[in-house]
Each structure stands twice: as C-alpha cells, then as structure tokens.
Amino acid sequence: MPDEVDVAVVGAGPVGLTVASMLAAYGIRTVLLDRASGPAEHSRAAVIHARTLETLEPLGIVEEAVRKGVVVPHFGIRDRDRRLLAVDFDGLPTAHPYTLMLPQDETESLLRGALGRQGGEILWGHEVTEICQDTGGAEITVRSVQRSVRLRARFLIGCDGAHSTVRETLGMRFEGATYPQSFVLADARMDWGLPDDEVQLFFSPEGLVVVAPLPHGHHRIVATVDEAPPEPSLSDVQALLDARGPRVPRPVVEEVVWSSRFRVHHRVAAEFRKGAIFLCGDAAHIHSPAGGQGMNTGIQDAANLAWKLALVIRGYASGSLLDSYERERKQVAREVVAMTDRITRLATMRSPFARRIRNVLLSGAAGRSGRLAGRLAKNLAEIDITYRNGWSTEGSSAVERWAPKGDGALPGADLAFGLMVPSTHAHDASAVARRFPGVPVRAVPKPGLEEIAIVRPDGYVAGRGAVGGEGRLLESLAKALEA
Ligand SMILES: Cc1cc2nc3c(=O)[nH]c(=O)nc-3n(C[C@H](O)[C@H](O)[C@H](O)COP(=O)(O)OP(=O)(O)OC[C@H]3O[C@@H](n4cnc5c(N)ncnc54)[C@H](O)[C@@H]3O)c2cc1C
C-alpha cells in the first residue's frame, strides 16, 4: 500500500469501483480499499437504467453488460390481472431505451475489469478504522490482517455502503426513517406466463411485489412483507405470488436459486461533504427498492464527483468546483427518496376505497395516464435530471443532460469538456480551443447542430451559445473554473 495518494476510495462496491476507475482514467493516484476479503457474490441490485448505461459508456463495459444482461423495454404496474399503467422505455431519447437486468455481482465484475485496464487495483482485506482530517487532507488508519498502517490522502471518498464508517466517523447525520415492513428478495426459476420483456410491479393491500426477468431464464422477485424469513423458501415465494401476482396464468415457482431479506430505510445524509471527505452511493442515501434506483443513483454520484476532483487535483480548477457535488447530488438523492417512497406507499395502500380511486386515476383517461407514464419512464431511467442550482459557465442555473436527438453519450473517457459544434465548424472550433491551453477542452463535431455547447465530462451541459461564439463560451468556462 502506498503511504500517500491523491484520493483514497473506501469501499469496492459498484460505486467505489466506478469512481476509482474514472479517477484512474483521468490519471489520478488513487487507492481503493475494501474490508471484505474479496468480491461479494450475490445478485442484489439487478436493474441498470438508461442514464447509468450512458454514464458507464466511457469505461468501455456497456457492450458486454448488454450482451450478458436482459434488455427490458417495458415496465408495467398491475393490480392482480389488471394492468393499470404501461411505462415504455423504448421511446426514450437515449441510445439505451430500456432497462438492463444484470445481477450486481456481474456488474461489479465488469467494473473491476475496467479498473484493471486503467492500471488500478483493489486492496481487499483493508478496513478503514479511523480518519483524521487536517488542512492537507486526511490521515487514514487502515487495518489489514497483518497490521495497522497510516495512509495520507488529499481527498477521501466514502463509498462504504449504508452503514458507512466514513459517515459515522465524521458524525454526519443520516436523516430519515425505516419502513415498517421488511423486503423479501428471491432469484427463482419459474413458469411465468407474462411477457418477459417487461418488469411488472403488482400493487396489493398485502404489500407490493415486483417480478423482473434475469439472465439464464431466472426471475427476480422483490416483495414487502411484515416479517420476512431469513432465507425465503420456494413455498414463501409461491405464496407471495399467489396472494399478489397474476391469477391467470398462475405463476409456478420451480426453484429458488438465491434468496435474502432486508430492511429498508429511506435516509439521506445531512452532508455529502466535510472538507476533503465526500460520501457517494448508499453511504449518502438509501431508499425503497421500488424502481431499482439505489445502485444507479450511486454510480451517477461517482461520475459527478470524479471529474471535479480530477480537475482540482490536476490544477485546472479551483477547489470551489467541489462545492457543487453536494448541491447537485443531494437534490437528486432527495428526489429519488421521495419518488420511491410515493411508489411504495401507493403500492401498499390498504383501504379498499383509496385503492379504487388510485386504480381509476392510474388507468384513467388515456391522455393523462399516457403523460404520467412518459414522465415516469424518464424519471425511472434518470434521464430527466436537471441540477437546479448546478455548476455551469453561467453561474447558478438549470443544468441539463446533453442529449440532442436523444444521444446522451458522454463526450469521452478523458478529462476534457466537449465543445460541441456543427460538423462544418469543427476546424475553426479546434483553432479557438487551442487559444485556451489552461482549459481541458476538445472540439466535438456533431452533424446538424444549430448552436454550440460546452458539455461537462459527466455529460451535463455547462453552457450554450450561438455558432461562432466559441471564444466567448470558453472564456466564461475558464472564469467559472477559476472562481
Ligand atoms: C440483499 C440486498 C438486495 C438489494 N437489492 C437491490 C435491488 O434489487 N435494487 C437496488 O437498486 N438495490 C438493491 N440493493 C442495494 C444495492 O445493492 C446498493 O444500492 C448498492 O450495492 C450500493 O453500492 P455502494 O457501492 O454504494 O455500496 P455497497 O455495495 O454496500 O459497497 C460498500 C463496500 O464498502 C465496504 N466497506 C464497508 N465499510 C468499510 C470500511 N470501514 N473499510 C473498508 N471497506 C468498507 C464493504 O465491504 C462493501 O464492499 C440491495 C442490497 C442488498 C444488501
């Protein structure tokens, strides 16, 4: 283990792996520590949404993820045999108009591959036990089987999950509450008569149940129950589906290949940053699994923070750029917690009268439910995130994802802003960019573009202007980075 690094990442779950891979790609000296003796082997979070796939594209793992996973373009909300709402991802303005079902252990394995290709490695069996912050960064005590050592890091990122040592050591409050129910989780082989290109969420007074296709012909079943058994059995899962799922055709569970239970909280950390220390992923926010947002939101935290830290460490930006991480991502975490909480409460309503009203409203007038379904699709896919007070060249303004003609791909894997220009203008734009050696920017020609834009390395638009206004736009970018 090195004595000193630029960034220490605590936790090699999907979020820590993402941030460490991105920092390694940006040329930052990073160490990734995990107290476990090796990778987790369970499937856990199985949904990868469109925005997460866009975010992971620069790491070069999306093609393989799509090959290994199940592409699911639809999401349906049902009350037993009645379909209340059909949410279609296939019309979404993205290169990935679907959710991808892939067990978390496989996603993590792809991320470990990406980290390895960038020359990074994971120090398994290394637990962070103490953190002391000073003006130069953090002094970290790391315990391994052999010994306890000290490590200095200019920055530290806590990606150490819901029971985060980093969050607790720094005394950051985790505000929210615990759902009264527990959640049953099972991966099963079964005879499932409903379409396999759809994730189905069943509302029921007994509690919600979600059924989603997984690779190898398996299905993921998630359900809320008052008290879940430690390892739900085949008959537990069958009983849940009989009480809440479709009556015709009746699903028949043939084998439970993995099952677990967990209690769910809805909580957001009071702070996402204290000085040189940041929280990402479950360490910063946890919520109901309805909608499968947990891992997705965490991976996007990682992408939001990685480029900002890299620009500051490499001297391209002042430290104030880092203030925008908490501003932008806490807003998103709160929105995700609120949305998943609304779905969970709607799904588990007990009063027959309230349920009737809910069902009428959801399946109501085609126009209205069509708009609701469209909004929900964008929301679940996380492609509609707008940072209300986000970081941009214009100061505080609404910062949106770059997505002309639905192309929400990020500019590239390197640490550069994209100067998006019409193809006919690429030569002039490159010449203007060369006049700003202190600003990492690359001209990106796009056919048919009617305006120019500066796109941040995480794919959000930092500024827009008229064609020919590249110089002005780059000047304001340089000022914003210095501020
Ligand atoms: C049983 C189960 C089922 C789930 N199902 C779903 C689902 O269906 N959909 C969904 O969206 N989400 C689900 N989740 C949640 C999802 O797994 C998390 O959102 C996701 O793993 C968060 O990733 P993370 O990297 O933030 O944290 P984690 O994956 O929790 O990783 C944290 C890592 O930090 C390490 N660590 C902790 N403390 C220390 C320390 N002091 N020093 C060093 N290392 C440390 C741990 O060993 C671990 O590897 C489920 C979780 C569980 C447990």
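Just so you know, these numbers come straight off a predicted model, no measurement behind them. For ligands, and for the atoms within them, numbers begin at 1 and follow the listed sequence.
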Using a 4.0 Å cutoff against the non-hydrogen atoms of [X], which atoms of ligand 1 qualify?
{"X": "Gly281", "result": "26 (O)"}
{"X": "Gly11", "result": "33 (C), 34 (O), 35 (C)"}
{"X": "Gly294", "result": "11 (O), 19 (O)"}
{"X": "Met295", "result": "11 (O), 19 (O)"}
{"X": "Gly13", "result": "25 (O), 29 (O), 31 (O)"}
{"X": "Cys159", "result": "32 (C), 33 (C), 34 (O)"}

Does ligand 1 have any atom that is closer than 4.0 Å to a heavy atom of [X]?
{"X": "Gly292", "result": "yes"}
{"X": "Val47", "result": "no"}
{"X": "Val222", "result": "no"}
{"X": "Arg220", "result": "yes"}
{"X": "His126", "result": "yes"}

*Arg250 with Asp242: basic N within carboxylate O range, under 4.0 Å*: yes
Checking a contact table here: which protein heavy atom is nearest [atom], and how many Å away?
{"atom": "atom 47 (O) of ligand 1", "answer": "Asp34 OD1, 2.7 Å"}
{"atom": "atom 12 (N) of ligand 1", "answer": "Ala45 CB, 3.3 Å"}
{"atom": "atom 3 (C) of ligand 1", "answer": "Leu185 CD2, 3.2 Å"}
{"atom": "atom 30 (O) of ligand 1", "answer": "Gly161 CA, 3.6 Å"}
{"atom": "atom 52 (C) of ligand 1", "answer": "Arg44 CG, 3.7 Å"}
{"atom": "atom 24 (P) of ligand 1", "answer": "Val15 CG2, 3.7 Å"}
{"atom": "atom 38 (N) of ligand 1", "answer": "Arg35 CZ, 3.4 Å"}
{"atom": "atom 36 (N) of ligand 1", "answer": "Asp160 CB, 3.8 Å"}

*For the residue pair Phe262 and Phe183, is the inter-centroid distance of their aromatic rings smaller than 6.0 Å?*
yes
*asked:* Please report whether the ring centroid of Tyr179 lies less than 6.0 Å from that of His266.
replied: yes
*Show your reasoning for whether side-chain hydrogen bond (donor to acceptor under 3.5 Å, both in side chains) applies to Arg220 and Ser43.*
CA-CA 9 Å; Arg220 159 65 56 89; Ser43 71; 2.6 Å; yes
[X] side, atom [atom1]; [Y] side, atom [atom2] - distance, nearest 0.5 Å:
{"X": "Met190", "Y": "Leu234", "atom1": "CE", "atom2": "CG", "answer": "10.5 Å"}
{"X": "Phe75", "Y": "Leu380", "atom1": "CZ", "atom2": "CG", "answer": "5.5 Å"}
{"X": "Glu335", "Y": "Glu382", "atom1": "CD", "atom2": "CD", "answer": "10.0 Å"}
{"X": "Leu17", "Y": "Glu108", "atom1": "CG", "atom2": "CD", "answer": "6.0 Å"}

Test of proximity, [X] against ligand 1: N or O pairs below 3.5 Å:
{"X": "Ala46", "value": "no"}
{"X": "Val128", "value": "yes"}
{"X": "Asp282", "value": "yes"}

*Output every pair passing salt bridge (Lys or Arg N to Asp or Glu O under 4.0 Å) with a member in residues 23-32, not counting sequence neighbours, ordered by first then second residue.*
Asp6-Arg29
_All pairs passing side chain to side chain donor-acceptor pair (under 3.5 Å) where residues 268-283 contributes a residue, at least two apart_ = Arg273-Asp323
_Could you work out, for atom 41 (N) of ligand 1, the closest of Thr165, Ile122, Ile286 by heavy-atom distance?_
Thr165
*At a non-hydrogen distance cut-off of under 4.0 Å, which region of Pro14 contacts ligand 1 (side chain, backbone, both, or neither)?*
both
*Contact partition for Gln104 relative to ligand 1, non-hydrogen atoms under 4.0 Å*: side chain
_For a side-chain hydrogen bond (donor to acceptor under 3.5 Å, both in side chains) check, start with the C-alpha distance between His265 and Thr178, then their side-chain angles and the critical distance, and finish with the verdict._
CA-CA 4 Å; His265 313 253; Thr178 307; 2.9 Å; yes
Can [X] and [Y] be counted as having a side-chain donor-acceptor contact under 3.5 angstrom?
{"X": "Glu57", "Y": "His96", "answer": "yes"}
{"X": "Arg314", "Y": "Tyr26", "answer": "no"}
{"X": "Ser144", "Y": "Gln146", "answer": "yes"}

*Do His126 and Asp34 come close enough that some side-chain heavy atom pair is under 4.5 Å?*
no
